[in-house]
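Quick notes on the structure that follows.
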Amino acid sequence: MKKSTIATTAALIAASSSAVFADSSDPIVIPIHNWSSQIVMSNVVGQIFEEMGQNVEYVTTDSQAVYESVRLGDVTLELEVWEGAFGASFRAAMEKGGIVDVGDHDAVTREDWWYPIWTKEACPGLPSWEALNECAALFATPETGDKGRYLDGPVDWLKHGKERVDALGMDFVVINAGSAAALWAEIGAAEADKTPIVVFNWTPNFAEAVWPGEFVEFPEWVDGCDKDPAVGPNPDALYDCGNPADGYLKKAAWEGMEEKWPDAFAVLEKVSFTNAQIAEMARLVDIEELEPEEAAAEWLEANEDVWRAWLS
Ligand code: TMO
């Protein structure tokens, strides 16, 4: 009798402690990259985890190499797997194993060559890429001679702009921006006298609310365009397609996360942001100039109904 009471008490203690401390007290390591929505979203989810009593740590990492880091468990998850920029690295890591697909956000994404709408007045055939190419001289700068200038994203986003220019025989020189901020500075500087420009941009982003514009329409993305030269209009070249026009935005995690932090993993499975929510996260930093952790706190306060529902 006494023995069984002790056993029952021990079982109760074990059950209750596992209910309260199911997740490891080791830090959940969240990687931070070099564009605002990802940084704010990482802080949003990190602060939700902290609210649950989790230990969280942030590390700045390369946005391509991170898939190898997740696979090895050096970082725990990735909140913004953009199909256009990171689909190839994500698929490569999935093939090696160790990383799991934790599902899609509600958001639909696009990343590609983009122009502010005033550019179309100078080049009315837009958004066709062939029309853009015929207008190449409009985009010439001292740096690019008689060819047009295309300001691509920072190199780690691996947009393959140079390969695309070669594959499609375009009269453009591709320059990589040093940072996302350099893209916004370029658009801002062109705005005063409505200089035609073409730069890398994406949606969801704060920029669409500030500068109306359009993506250049390249040959439609077909799976394999980055792997098989036969895919796409140029039979001898890779990257002769635009990026997906309705790309996914996924969450990914180290495959050991579910066992080590089951409560946090269950929340991560439910996390899903819309285009408008993601654009707002970027706006709080790029327009309101909040620090990412403040932006995250403000976003959480304004959207409590959204994320509280994920905790039940
Ligand atoms: C990965 N990005 C959203 C910057 O294109």
Side-chain angles (χ1 to χ4, degrees), residues 30-45 60-70 75 77-93 104-115 150-164 174-187 198-211 213-216 218 221 225-226 239 241-252 271-287 292 295:
I30 303 182
I32 299 285
H33 307 307
N34 52 355
W35 67 97
S36 300
S37 70
Q38 196 274 347
I39 303 171
V40 176
M41 188 190 296
S42 296
N43 278 271
V44 161
V45 173
T60 298
T61 73
D62 179 276
S63 63
Q64 300 288 345
V66 72
Y67 296 95
E68 189 65 11
S69 306
V70 173
V75 306
L77 54 84
E78 168 60 54
L79 285 158
E80 285 197 8
V81 186
W82 290 67
E83 180 172 7
F86 312 118
S89 294
F90 175 60
R91 284 191 299 273
D104 292 19
H105 290 277
D106 177 80
V108 176
T109 66
R110 186 168 186 182
E111 307 156 79
D112 227 319
W113 297 39
W114 176 96
Y115 51 87
Y150 168 60
L151 186 63
D152 208 346
V155 279
D156 69 305
W157 299 348
L158 279 187
K159 300 317 303 178
H160 301 288
K162 292 183 181 69
E163 289 88 340
R164 191 183 301 174
V174 177
I175 311 282
N176 285 103
S179 64
L183 297 171
W184 319 140
E186 179 94 353
I187 305 170
V198 58
V199 303
F200 180 70
N201 197 353
W202 61 89
T203 183
N205 191 2
F206 81 94
E208 52 211 291
V210 180
W211 300 291
E214 293 174 341
F215 288 103
V216 176
F218 281 96
W221 167 259
C225 194
D226 54 353
Y239 306 109
C241 304
N243 286 314
D246 54 354
Y248 63 65
L249 185 67
K250 281 186 180 296
K251 304 160 289 173
V271 165
S272 171
F273 296 109
T274 64
N275 283 61
Q277 290 166 345
I278 293 168
E280 171 64 5
M281 290 177 196
R283 193 192 68 83
L284 290 168
V285 167
D286 288 321
I287 301 293

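Remember, it's 1-based here, ligands and their atoms both numbered in the order they're listed.
Atom numbering of ligand 1 starts at 1 in the shown order; those under 4.0 Å from a heavy atom of Trp157 are 4 (C). Counting atoms of ligand 1 from 1 in the listed order, those under 4.0 Å from a heavy atom of Phe86 are 1 (C). Interface of Phe200 with ligand 1, defined as ligand atoms under 4.0 Å from a residue heavy atom, comprises 5 (O).
When only interatomic distances are considered, the shortest N/O to N/O separation between Glu111 and ligand 1 falls below 3.5 Å.
For Asn43, there are no side chain to side chain donor-acceptor pair (under 3.5 Å) partners, not counting sequence neighbours. Partners of Tyr248 under the ring pair (Phe, Tyr, Trp, His ring centres under 6.0 Å) rule, at least two apart in sequence or in another chain, do not exist in this structure.
Remark: aromatic rings of Phe215 and Trp221 are distant, center separation not under 6.0 Å. Ring centers of Trp202 and Phe200: under 6.0 Å apart, within the cut-off.
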